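Scroll down for the structure; my scribbles are underneath it.
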Amino acid sequence: MATLPLYKNHNSPPRLDRNQKPHCGLWWERFCTLYRCVGGKWIAAEAQNDRESSPKLDWINEFARDACGDPAMLALAESRMRNLCTTLRGSTRTFATDWHFVTGLGIDHAVENGFGWHPTLGVPYLPGCAVKGMLRAWLTHWDEEDKSKLDRWLGTSKEAGKFVFFDALPPKPVKLTADVMTPHMGNWYSEGASISAVSHEECKKIPGDWHNPVPVPFLAVQAGQQFVFAVAPKRSGDSAESDRKEVAEVLDQIEQALTWIGAGAKTAVGYGRFERV
């Protein structure tokens, strides 16, 4: 018999108990109970027929029932980030999600789609490297006026950029929601490269509009949830006034990127857009 993929003697409760103020990210990543044993192997449980509820959706709804994150810890983290940023001649801006926002979708998980949790705060966040990558994409492909500042702000393979990009953190508990995608050609994406001959079974892997959609639930941040973005100079060689002015320019471009191209996953279909608070 295969071993259940959970820690030995983990003694975790059978379901997420919000009264205990749990670390939702730890529960999501380490204590998933969606497994059943098939052929000596543990796999994620699936609904057996159309009338049954989806175990994956039920699991996700556990996280969407209440806002996640401890208010005191989030306020403290925000205060520390603002103080550090101010000391380094940087600045912060707060933005709110315009619609659903997804981060960490490519992380492996039993529900097929992962989620990006802050390791200590247990809330969704946008890593500083993702903020920097979004800004680079915006300046490289969409903004035609500030490309001259690309290397100075973000650096090159030979020299580091001038600015530090902090993780974008929520200042208060975050409300989540269960969302769903309906891929029509999952077999093609997962097994298309293995097609060797034309047969009835192999034809099931070929993309076509005759395939039925397969609903895949995933976790997302609701609209109206706030995140604080922070930028500071990496070195203070310029004057304080010059640093503050250039930081404001960087934040202006981040605002443009958040408004027009979005952050996180599924931005091509409208996810990840933010508006300034």
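In this text the structure is predicted, and so the values were computed from the model without any measurement.
- Ring-plane geometry between Trp117 and Trp28 is classed as tilted, the angle between the planes lying from 30 to 60 degrees on a 0 to 90 degree scale.
- Between Asp66 and Lys21, none of the side-chain N atoms (NZ, or NE/NH1/NH2) sits under 4.0 Å from a carboxylate O, so this pair counts as no salt bridge.
- Put simply, the side chain of Lys175 never gets that close to the backbone of Gln225: no donor and acceptor are under 3.5 Å apart.
- Distance alone, capped at 3.5 Å, is enough to place a donor-acceptor pair between the Arg273 side chain and the Thr267 backbone.
- There is no path of hydrophobic side-chain contacts, each under 4.5 Å, that joins Trp59 to Leu57.
- Contact check on Glu246 versus Lys149 returns no salt bridge, with no Lys/Arg side-chain nitrogen under 4.0 Å from an Asp/Glu carboxylate oxygen.
- Here the side chain of Asp167 pairs no donor or acceptor atom with the backbone of Leu169 at under 3.5 angstrom.
- Put simply, the side chain of Thr97 gets close to the backbone of Gln222: a donor and an acceptor are under 3.5 Å apart.
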(request) Take Phe218 and Val111 through the test side-chain contact (heavy atoms from CB on, under 4.5 Å) and record every step on the way to the result. (result) CA-CA 7 Å; Phe218 62 96; Val111 298; over 6 Å; no
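- Here the side chain of His109 pairs no donor or acceptor atom with the backbone of Cys32 at under 3.5 angstrom.
- One N or O on the side chain of Thr259 and one on the backbone of Glu255 form a donor-acceptor pair closer than 3.5 Å.
- Using a 4.0 Å cut-off between charged nitrogen and carboxylate oxygen, Asp243 and Lys162 count as a salt-bridge pair.
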